Protein chains: 2
Amino acid sequence: MELQKVDGRKARGEKKRRAIVEATLRVIEREGVAGVTHRSVAREAGVPTTAPTYYFATLDDLLIATLLWSAEELCDDMLKIVASGGSAREIARSLAQAVNENRGRTLAEYELYLLAGRRPELKPAARRWLDRAVEVVRPADPLAFRAFLAAIDGLLLQGLIADVAPNEDELEPIVSFLIRGRDDFTAAPKEE
Amino acid sequence: MELQKVDGRKARGEKKRRAIVEATLRVIEREGVAGVTHRSVAREAGVPTTAPTYYFATLDDLLIATLLWSAEELCDDMLKIVASGGSAREIARSLAQAVNENRGRTLAEYELYLLAGRRPELKPAARRWLDRAVEVVRPADPLAFRAFLAAIDGLLLQGLIADVAPNEDELEPIVSFLIRGRDDFTAAPKEE
DNA sequence: CAACTATCTGAACAAGTGTTCCACAAGTTT
DNA sequence: AAACTTGTGGAACACTTGTTCAGATAGTTG
C-alpha cells in the first residue's frame with residue numbers, strides 16, 4: 001500500500017477537472033459550442049472564472065477534451081442503437097429517444113461531427129462509433145451495413161430538424177425497410 | 001417605362017447587400033458559423049466595417065439571411081444528387097464531389113442543419129430539399145425513399161469526417177445497394 | 001443649380017472575451 | 001514545525017466583439 005498513497009490534492013483536482021468537463025458538455029447541449037466560454041462553463045460548474053484556465057491551457061483544449069470525452073458516451077449510445085436487441089422496433093425506439101428525450105445530447109454529437117470536419121484531430125473520435133459498430137457486428141455484407149449506418153446518421157439528423165421530432169412508430173417501418181436482408185450483415189455477430 | 005424608373009442608389013444598395021450575403025457564405029464555408037463577425041464579413045466583402053450593420057439590423061439577421069439564401073442553392077445541389085440521371089454511378093459521383101471539391105459548401109450545409117436544430121425559424125429552410133425531393137420524385141414507396149434520403153445525409157456527413165474523403169468508386173457500390181429496388185420509388189418520376 | 005433624400009462610413013463605446021498574474025490557502029513531506 | 005508542492009480565486013490586461021451615431025457622400029428631383 002505504500003506506493004498507492006494518493007495525494008488528496010490531486011484527487012480533488014482530478015475530480016474538479018471532470019466536473020468542469022461535464023459542465024462544458026451541459027453547456028454544449030444547451031447552447032451549442034458557440035456558448036462555451038470560460039465564464040459560462042465556470043458558472044455552470046460553480047467554480048471561479050479562472051478554474052477552467054487552470055486545468056486547461058486554453059479554451060480550445062477544454063473544448064476538445066470535452067468532445068473527446070463525450071465521444072466515448074456517444075459511442076456507447078450509438079452502439080446501443082445499432083445492436084439494441086436487434087429488432088427494428090428496438091432500434092426505432094432508441095432513435096426516437098435520441099431525437100426527443102436526449103435531443104440535447106444528440107445535437108451535441110453533431111456539433112462534434114461538424115467540428116471534426118474542420119479539425120482533423122477530432123476525426124478519430126467522431127467516427128469511433130462507426131469503427132466500433134463494424135467491429136462488434138462483424139457484418140458479412142459490409143456494404144449493406146455501411147448503408148445502414150449512414151441511414152442512422154441521416155435519420156437522426158433529419159429528426160432534429162423536423163417540425164416535430166418523429167416517434168418510435170414513425171421510425172419503425174423505415175428501420176424495418178433498412179434491415180430487410182438483415183441476415184446479410186448480422187450473419188456473424190460477435191460479443192466482445 | 002415611367003413607373004419602371006429605378007433609383008440608382010437603391011439598385012447599388014441591393015447589389016451590395018447581396019455581395020455581403022455572398023461574402024458571409026464564403027466565410028462560413030471557410031471557417032464555419034463561428035467565424036462570422038461583422039468585421040470578418042466586411043473584410044471578405046471589401047466593404048467598411050459598418051456596412052453589414054447598415055444592411056442587416058443585427059448580426060443574427062445577416063446569418064439567418066445568408067443561410068436561408070444558401071439553402072436555395074443547397075436544395076438545387078441535393079436535388080441534382082437525388083435525381084442526377086438516376087444511375088448509381090452518377091449519384092455516387094455527385095456525392096464524391098460534395099465531400100471533395102465542394103467540401104466547404106457541404107460543411108456549410110450541415111452548419112445550417114445544426115443551427116436549425118436550435119432555431120426553429122431555420123427548420124423549413126433546412127429540410128426544404130427533402131420536401132422538394134419527394135415532390136419531384138413522387139416515390140411509389142415513400143418508406144424506401146425516406147431511407148434513401150437519410151442515407152444520403154449520412155454518407156455525406158460520414159464522408160466529411162473520414163480520414164480521406166471517399167471517392168466515386170468507393171461510394172458507387174453503397175449507392176447501388178441503396179437503390180436496389182429503385183423501381184419502388186422511381187416508379188412515377190415527374191419533371192416539374 | 002439648389003433642395004432633398006437615400007446611402008454610406010469612420011470614430012467611438014460599452015460589453016464580453018481569453019488569459020495572465022500573484023497572493024494565499026490547503027495538503028504533503030521531511 | 002518548516003519547506004515544499006499543488007490547488008484557488010480575485011483583480012486586471014489587452015483585445016475583439018456588436019452596435020450607435022453624427023456627419024459626409026452620392027443620386028434624384030424641382
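Just so it is clear: chains get the letters A, B, ... in the order the sequence lines come, proteins before strands, and each one is counted from 1. What you are looking at is a predicted structure, and each value in this text was computed from that prediction instead of being measured.
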Would you call [X]-[Y] a salt bridge at under 4.0 Å N-O?
{"X": "Arg93(B)", "Y": "Asp169(B)", "value": "no"}
{"X": "Arg18(A)", "Y": "Glu22(A)", "value": "yes"}
{"X": "Arg119(B)", "Y": "Asp60(B)", "value": "yes"}

Value in whole Å for how far the [atom2] atom of [N] lies from [atom1] of [X]:
{"X": "Ile20(B)", "N": "dT7(C)", "atom1": "CD1", "atom2": "P", "answer": "13 Å"}
{"X": "Glu31(A)", "N": "dG16(C)", "atom1": "CD", "atom2": "C1'", "answer": "14 Å"}
{"X": "Lys10(A)", "N": "dG27(C)", "atom1": "NZ", "atom2": "P", "answer": "16 Å"}
{"X": "Tyr55(A)", "N": "dG18(C)", "atom1": "OH", "atom2": "P", "answer": "19 Å"}

> Yes or no on side-chain hydrogen bond (donor to acceptor under 3.5 Å, both in side chains) for Thr53(B) and Thr50(B), after CA distance, side-chain angles and deciding distance?
Replying inline: CA-CA 5 Å; Thr53(B) 341; Thr50(B) 47; 5.8 Å; no
> Looking at dG18(D), dT8(D), dT7(C), which one has an atom nearest to any side-chain atom of Arg39(B)?
Replying inline: dG18(D)
>> Nearest to the Thr53(A) side chain among dG9(D), dG7(D), dT19(C), which nucleotide is it?
In response: dT19(C)
> Do any of residues 43-50 of chain B sit with a heavy atom less than 4.0 Å from DNA chain C, and if so which?
Replying inline: Pro48(B), Thr50(B)
> Heavy atom of residues 56-69 of chain B under 4.0 Å from DNA chain C: which residues?
Replying inline: none
> Could you give all pairs that pass the salt bridge (charged side-chain N to carboxylate O under 4.0 Å, His left out) test and reach residues 143-152 of chain B, with sequence neighbours left out?
Replying inline: none
> Are any side-chain N or O atoms of Thr49(A) and backbone N or O atoms of Arg39(A), one a donor and one an acceptor, separated by less than 3.5 Å?
Replying inline: no
> Can you list the steps and then say if Glu109(B) with Thr106(B) is a side-chain hydrogen bond (donor to acceptor under 3.5 Å, both in side chains)?
Replying inline: CA-CA 5 Å; Glu109(B) 165 169 30; Thr106(B) 307; 5.7 Å; no
Just N and O in the side chain of [X]: are any of them under 4.0 Å from OP1 or OP2 of [N]?
{"X": "His38(A)", "N": "dT17(C)", "result": "no"}
{"X": "Tyr54(A)", "N": "dT8(D)", "result": "no"}
{"X": "Lys16(A)", "N": "dA26(C)", "result": "no"}

>> Side chains of Gln97(B) and Ser94(B): any donor to acceptor distance under 3.5 Å?
In response: no
> Do the numbers put Arg138(A) on top of the ring of Phe145(A), so that NZ or CZ is under 6.0 Å from the six-membered ring centre and no more than 45° off the axis?
Replying inline: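 So Arg138(A) doesn't make the cation-pi contact.
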>> Determine whether a donor-acceptor pair (one donor, one acceptor, N or O, separation below 3.5 Å) exists between the side chain of Arg12(B) and the base of dG27(D).
In response: no
